[in-house]
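No experiment lies behind these values; they were computed from the predicted model shown. Side-chain atoms are counted along with the backbone in the values below, which use heavy atoms only and exclude waters and symmetry mates. Residue numbers start at 1 and run along the sequence shown.
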Amino acid sequence: MRLLVTGGAGFIGSNFIRYMLSKYDYQLINLDKLTYAGNLENLDEIKDDPRYTFIHGDIADEKCVQEIFTQDIDVVVNFAAESLVDRSIEDSGVFIRTNVEGTRVLLEAARRYGVERFIQISTDEVYGSLETEGYFTEESPLDPGSPYSASKTAADLLAMAYFKTYNLPVIITRCSNNYGPYQFPEKLIPLMITNAIEDKPLPVYGDGLNVRDWLHVRDHCVALDLVMRQGRPGQVYNIGGNNERKNINIVRRILKELGKPESLITFVKDRPGHDLRYAIDATKLKKELNWLPTYAFEKGLQETVNWYCNNQKWWQKIKSGEYRKYYEQMYAHR
Ligand code: NAD
Ligand code: DAU
């Protein structure tokens, strides 16, 4: 089995690569552009594994992608994306290029060369926002609220069109908010942990009452492995852990874990169009593929706090910008 993982130097992709290589004897190619969010240090543990190949490239670069597909790819797992809502509000262009055009380029190559499965990693944000009740099912209407989620929705529609038009065996997964090791410290949980360790202010948007449904990245990887091997082409699978929490409660919990004062919390201007609540109904995945999340949120969060305490060099290099210098030298000739 030869697997093409895109965006494997990011948070979820790197966790997925480590998980798959620990479980199977697959050949795995990681295609990553190494944007600010890509960090090869996330894969230090497996970088010399003979089953693993890294390719520095862009999913929207047709020539690069086609060349990779000449190597008999069996399965594509497309994680590569611009993934932060706030950045999409500042500048949506790169979100359209990577998330929409990049997905199109991959789909087109997969159609031309043929693959057994094309897993499109989407997000619960394509469903928009919920009020205080109800859950997103796979049948919920698509109603994205940010340029990021609109770009992910466009990619989903394109992927499904390739299933309908060309019978490309596409499966879409829509997961809720992930947390765990190697998450870039611009997202809520790692930003709050690392700022708290450094005694810096913790910027909470608006009143802090927005709700997200948290899933440990390892539980996400297990779900993706199942979907990849046993999921039905043309289907969408929601993935979520039924761990709804208000942002402010998560921030307080992190401070408590670290023994830091609540005076570090700073309420700041709200995110424009801030989605109030996400909550996933993952019944389909549980019933069809027998998936069950294993992490209790409080335990997972405690482990994550410990990971950031024990891996300060990793995130300090990111926060200082030092991690980029390595790539700038390495790829200066391109
Ligand atoms: P991330 O930002 O940590 O990583 C993204 C990776 O993609 C980086 O390594 C980056 O270098 C790479 N990349 C970006 N543009 C590229 C391009 N044009 N070509 C090749 N590589 C490129 O993201 P993440 O949090 O790991 O999310 C991965 C996927 O999961 C995304 O598709 C995201 O929409 C989806 N998702 C994320 C979450 C979450 O909570 N983080 C939840 C649900 C779904
Ligand atoms: O739901 C899945 C999505 O989860 C993924 O598709 C996205 O890629 C991922 O980034 C995440 O999106 P969110 O916008 O929910 O995650 P973020 O960590 O940016 O924010 C989580 C919540 O915390 C949200 O309500 C905004 C708030 N927040 C975030 C930051 C960065 C703050 O209050 N302060 C902050 O500094």
Side-chain angles (χ1 to χ4, degrees), residues 10-12 35-37 39 82-92 95 123-125 128-132 145-149 176-217 241 243-279 297-324:
F11 164 47
I12 306 175
T35 67
Y36 78 93
N39 187 351
E82 288 293 331
S83 69
L84 185 71
V85 172
D86 301 306
R87 286 178 188 262
S88 80
I89 294 168
E90 291 297 315
D91 178 9
S92 58
F95 283 73
T123 164
D124 60 358
E125 296 199 18
S129 181
L130 290 165
E131 292 301 324
T132 48
S146 70
Y148 160 69
S149 51
S176 59
N177 286 62
N178 282 217
Y179 69 99
Y182 297 103
Q183 187 166 29
F184 197 85
E186 64 177 355
K187 304 276 169 75
L188 180 76
I189 289 181
L191 178 70
M192 298 299 160
I193 298 173
T194 55
N195 276 16
I197 293 173
E198 293 183 304
D199 294 309
K200 287 185 178 158
L202 273 48
V204 173
Y205 298 164
D207 54 14
L209 299 181
N210 301 65
V211 173
R212 296 294 182 263
D213 179 1
W214 295 93
L215 183 73
H216 194 279
V217 64
N243 287 306
E244 286 182 57
R245 297 288 185 282
K246 292 188 175 81
N247 294 339
I248 187 68
N249 292 341
I250 293 194
V251 173
R252 288 203 175 108
R253 182 100 204 178
I254 289 170
L255 288 170
K256 202 166 166 215
E257 288 291 342
L258 289 167
K260 298 283 183 172
E262 290 204 359
S263 56
L264 287 175
I265 296 175
T266 314
F267 289 95
V268 298
K269 195 168 164 284
D270 208 354
R271 172 186 280 175
H274 197 170
D275 288 338
L276 177 66
R277 173 175 167 255
Y278 305 143
F297 180 70
E298 272 63 33
K299 185 171 173 284
L301 185 62
Q302 190 184 39
E303 270 184 36
T304 304
V305 169
N306 291 341
W307 189 88
Y308 281 86
C309 287
N310 296 332
N311 290 276
Q312 298 205 22
K313 270 202 187 134
W314 178 84
W315 56 263
Q316 275 163 357
K317 274 197 240 171
I318 294 176
K319 284 193 153 184
S320 70
E322 195 190 325
Y323 79 121
R324 299 302 302 171

Closest contact, heavy atoms only, Leu191 versus Pro203: CD2-CG, 4.1 Å
Taking it one step at a time, do Ile193 and Tyr179 satisfy side-chain contact (heavy atoms from CB on, under 4.5 Å)? CA-CA 12 Å; Ile193 298 173; Tyr179 69 99; over 6 Å; no
Got a second to check how far Met192's CE is from Leu264's CG, nearest 0.5 Å? 11.0 Å
Going by heavy atoms in the side chains, are Glu82 and Tyr148 under 4.5 Å from each other? no
Test log, rule side-chain contact (heavy atoms from CB on, under 4.5 Å), inputs Tyr205 and Leu188: CA-CA 10 Å; Tyr205 298 164; Leu188 180 76; over 6 Å; no
Output, in order, the C-alpha distance, side-chain angles, deciding distance and verdict of side-chain contact (heavy atoms from CB on, under 4.5 Å) for Ile265 and Ile248. CA-CA 9 Å; Ile265 296 175; Ile248 187 68; 4.1 Å; yes
In this structure, CD1 of Ile250 is separated from CG of Leu202 (nearest 0.5 Å) by 12.0 Å
Determine yes or no for a side-chain-to-main-chain donor-acceptor pair under 3.5 angstrom, with Thr304 supplying the side chain and Gly300 the backbone. yes
Looking at Tyr36, I'd like to know if the NZ or CZ of Arg87 sits under 6.0 Å from its six-membered ring centre while staying within 45 degrees of the ring's axis. yes
By side-chain hydrogen bond (donor to acceptor under 3.5 Å, both in side chains) - contacts of Asn39 (at least two apart): Tyr327
For Leu130 against Ala279, the heavy-atom pair lying closest together: CD1-N, 3.6 Å
Side chains of Gln312 and Ile197 in contact at under 4.5 Å (non-hydrogen atoms): yes
Please report the shortest heavy-atom distance between Ser146 and Val85, naming the atom on each side. CB-CG1, 3.8 Å
Donor-acceptor pair, Asn210 side chain versus Asn247 backbone, under 3.5 Å? no
Correct closest heavy-atom pair for Tyr323 and Ile318 would be CD2-CA, 3.5 Å
Sub-3.5 Å donor-acceptor pair from the side chain of Asn243 to the main-chain atoms of Asp213, do we have one? no
Do you know which of Glu131, Glu125, Glu244 makes salt bridge (charged side-chain N to carboxylate O under 4.0 Å, His left out) with Arg277? Glu244
Mind checking the CG-NZ spacing from Leu209 to Lys246? Nearest 0.5 Å is all I need. 6.5 Å
Non-hydrogen atoms of Arg212 and Leu276 that approach each other most closely: NH1-O, 3.6 Å
Measuring only between side-chain heavy atoms, which start at C-beta, is Ser83 closer than 4.5 Å to Thr123? no
Criterion side-chain contact (heavy atoms from CB on, under 4.5 Å) on His216 and Lys299, from CA distance to verdict: CA-CA 10 Å; His216 194 279; Lys299 185 171 173 284; over 6 Å; no
Considering all heavy atoms of both residues, which atom of Gly145 and which atom of Asp275 are nearest to each other, and what is their separation? CA-OD1, 4.4 Å
Using side-chain heavy atoms (C-beta onward) and a distance below 4.5 Å, is Glu298 in contact with Arg245? yes
Any donor-acceptor N/O pair, Asn178 side chain to Ser176 backbone, under 3.5 Å: yes
Is there side-chain contact between Val217 and Gln183, with at least one heavy-atom pair below 4.5 Å? no
Minimum side-chain heavy-atom gap Trp214-Ile189 below 4.5 Å: yes
For Glu322, is there an ion pair with Lys313 - N to carboxylate O distance below 4.0 angstrom? no
Taking Trp315 for the side chain and Tyr308 for the main chain, is one N or O donor matched with an acceptor at less than 3.5 Å? yes
Spacing of CG belonging to Asp86 relative to CG belonging to Asp91, to within rounding of 0.5 Å: 13.0 Å
side-chain hydrogen bond (donor to acceptor under 3.5 Å, both in side chains) partners for Lys319, two or more places apart: Thr194, Asn195
Could you tell me if the ring centre of Trp307 sits under 6.0 Å from that of Tyr182? yes
